[in-house]
Amino acid sequence: MKIVVDRIKCVGLGLCEAAAPTHFEVGDDGQLIVLRETVDEQDLAQAEEAVRSCPTSALKLIS
Ligand code: SF4
């Protein structure tokens, strides 16, 4: 699976970072940095939680 971010929808709140810190980080400038795009089996639950937690529905997981 792979993480896709809609940069128009993302407002840099960082809830995804809280849910999946190995994949996301919000920089000092409020821009989301995707640390790792690829989602392995072992971090799928975290990545799904990040997608669910995003208040603007800016995240998607695609295969
Ligand atoms: S939770 Fe959503 S809006 Fe907030 S930084 Fe992550 S992708 Fe962007």
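Whatever order the structure lists them in is the order used to number ligands and atoms, beginning at 1.
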Salt bridge (charged side-chain N to carboxylate O under 4.0 Å, His left out) against Asp43, all qualifying residues, sequence neighbours excluded: Arg36
Residues that Asp28 engages under salt bridge (charged side-chain N to carboxylate O under 4.0 Å, His left out), provided they are two or more places apart: none
Worked check of side chain to side chain contact (heavy atoms under 4.5 Å, CB included) between Ile33 and Val26: CA-CA 6 Å; Ile33 301 157; Val26 176; over 6 Å; no
Under the side chain to side chain donor-acceptor pair (under 3.5 Å) test, residues paired with Glu49 that sit two or more places apart: Arg52
Considering all heavy atoms, the nearest Thr22-Gln46 contact: OG1-OE1, 3.5 Å
Atom 3 (S) of ligand 1 - nearest protein heavy atom and its distance: Val11 N, 3.4 Å
Asp29 (side chain) donor-acceptor with Gln31 (main chain) under 3.5 angstrom: yes
Atoms of type N/O/S from protein, distance to atom 6 (Fe) of ligand 1 below 2.8 Å: 1
